[in-house]
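Encoded as structure tokens, the structure appears first; notes follow it.
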Number of protein chains: 2
Amino acid sequence: MPTDKNIEPTINDGHASAPPRAAKKILDVARDLFYRQGIRAIGVDEIVRRAGVTKPSLYRSFPSKDELAASYLRQYDLEFWDRFDEAVDAHPGDPRAQIKAFLTRVGKRTQMPQYRGCGMTNAAVEYPERGHPARVVSEANKQELRRRLRAMAVAMGAGDADTLGDGLLLLIEGAYISGQLFGAGGPAQSVATNADLLIEASLKK
Amino acid sequence: MPTDKNIEPTINDGHASAPPRAAKKILDVARDLFYRQGIRAIGVDEIVRRAGVTKPSLYRSFPSKDELAASYLRQYDLEFWDRFDEAVDAHPGDPRAQIKAFLTRVGKRTQMPQYRGCGMTNAAVEYPERGHPARVVSEANKQELRRRLRAMAVAMGAGDADTLGDGLLLLIEGAYISGQLFGAGGPAQSVATNADLLIEASLKK
DNA sequence: TGACAATGTTACCGATCGGTACGTATACAT
DNA sequence: ATGTATACGTACCGATCGGTAACATTGTCA
């Protein structure tokens, strides 16, 4: 008889239905572990153990570990665009200020004690194989980010908008990686400053 | 009786000695597989199989898989600085040209069909745990790269040399990641152009 | 209350993980 | 020829990998 009963203070909101309770716990735990330790580093056994469920519960909600990883990344994708659009919406019609706002926040996030980089980028590094479910989500996210950055570069009136958009993407990816490589005090703290310098230089052409 | 005898056309150079022959084959194979597929993705069994040796041979030359990975990265480190210094030596006393030369080559490398990013960066992503043998080598390499880039920024006479040096590092890391994320035609192809723009902007301050 | 579907659990699968105990083959000096 | 050291191979270890079959429990409706 297990001593830890399933407390969980009525996550069952008002109305009935409410799909799998276990699925949410699993995804929550997986998201945390996958992000902090890496997807390959975490086994399904540890996920279900920390989630307080068992393995078949996982495999009824997710067809495989790879698909669970993809689900984690799809959620990451939503949260990413929330953060991105938040910076965009804060400065309507001013793409340069939008970039600056977004990158200022990125710069701060990368300095936080247990920052572990971009979940998308990390997943692509862990799964170089084309077509892997996790990688597919990651690549789609990056393609869209590139598209939007280039569009913003156009809106800024850059001479070579594609180059500027790509340059911003390089700085952003560099910040993600440097954040987890150097920790606080690393190069990522200057990402907003460098981006603005690059924008300035690109507009004068 | 195995049919494949140990041919190996006299890798035994002139003088005697020549420590374990197996160790070299193992490291060669490990380097290729670790780089292309990732360290966690490759098991020691596959390494010894492709190297045509057996597991005890691996563990007589390397204390553990983690240390084998560290050895792979130490070799990667040497080759990296060879490439870096090659660009530096090609333009004595002209740090801006040195950077441009190095990044032009990086930009080209990232466009190659089976480019898989920087082995150092990838290893750090795969092993976020502090103190892991592979991560130790990776972090040391990045710290040194940062130091040299900042020194070059000073030599260029940048107003804020540390910021420029870090900005260049961000672009470089971004190129490594983008190269494997987007493949040919990705943002990494513009790394040299963007770096020069950033340098230009940083010198005018 | 009874039926049904959704969710939970126990116990297990073959494959592979990193790593090792122990015997064998080969090279060289005497 | 024979001793000795060193490099290599056979066979195996327990643990963990991702995944599943069969069964028990629960909640929700009529």
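Quantities reported herein were computed from a predicted structural model and do not represent experimental measurements. Protein chains get the first letters and strands the later ones, always in sequence-line order, with residue 1 at the start of each.
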Q: Return the value, rounded to whole Å, for the distance between atom CG of B:D45 and atom P of D:dC12.
A: 15 Å

Q) Whole Å only: how far is the CD atom of A:E46 from the P atom of D:dC17? A) 8 Å

Q: Could you state the atom-to-atom distance from CZ of A:F62 to P of D:dG18 in whole Å?
A: 15 Å

Q.
I need the CG-P distance between B:L58 and C:dG18, as an integer number of Å.
A. 10 Å

**Q.** Residue pair A:T110 / A:Q189, side-chain donor-acceptor N/O under 3.5 Å
**A.** no

Q: Figure out the CZ/P separation between A:R49 and D:dC17, and round it to whole Å.
A: 10 Å

Q. Between A:T54 and C:dT9, is there a side-chain N or O to OP1/OP2 distance below 4.0 Å?
A. yes

(Q) Within 45 degrees of the ring normal and closer than 6.0 Å to the centroid, is that where the cationic atom of A:R109 sits relative to A:Y115? (A) no

(Q) Heavy-atom nearest nucleotide on DNA chain C for A:K55 versus A:R60: which residue maps closer to 5'? (A) A:R60

**Q.** Side chain proximity check, A:Q180 to A:I177, heavy atoms < 4.5 angstrom
**A.** yes

Q.
Using the side-chain heavy atoms of A:K65, tell me which of these nucleotides is nearest: C:dG18, D:dG19, D:dG9.
A. D:dG19

Q: Starting from C1' on C:dG18, measure out to NE2 on B:H132 and report it in whole angstrom.
A: 12 Å

Q. Cationic tip of A:R148 within the cone over A:F84's six-membered ring, i.e. under 6.0 Å and within 45° of the normal?
A. no

Q) In terms of side-chain heavy atoms of A:S64, which of D:dC8, D:dG19, C:dG19 is nearest? A) D:dG19

**Q.** Main-chain N/O of A:G117 paired with A:Y35 side-chain donor or acceptor, under 3.5 Å
**A.** yes

Q | Closest listed nucleotide, where the reference is the side chain of A:S57 and the choices are D:dG9, D:dG18, C:dG8 | A | C:dG8

Q: Give one of base, sugar-phosphate or nothing for A:I42, where a contact means two heavy atoms less than 4.0 Å apart.
A: sugar-phosphate

Q.
Between A:Y59 and D:dG19, is there a contact of a side-chain N or O with OP1 or OP2 at under 4.0 Å?
A. yes

Q) Can you check the A:I26 CD1 to C:dT9 P distance for me, whole Å? A) 10 Å

Q: Would you kindly give the CZ-to-C1' distance between B:R40 and C:dT16, to the nearest whole Å?
A: 16 Å

Q | Residue B:P56, side-chain atoms from C-beta onward, closest of D:dG18, D:dT10, C:dT10 | A | D:dT10

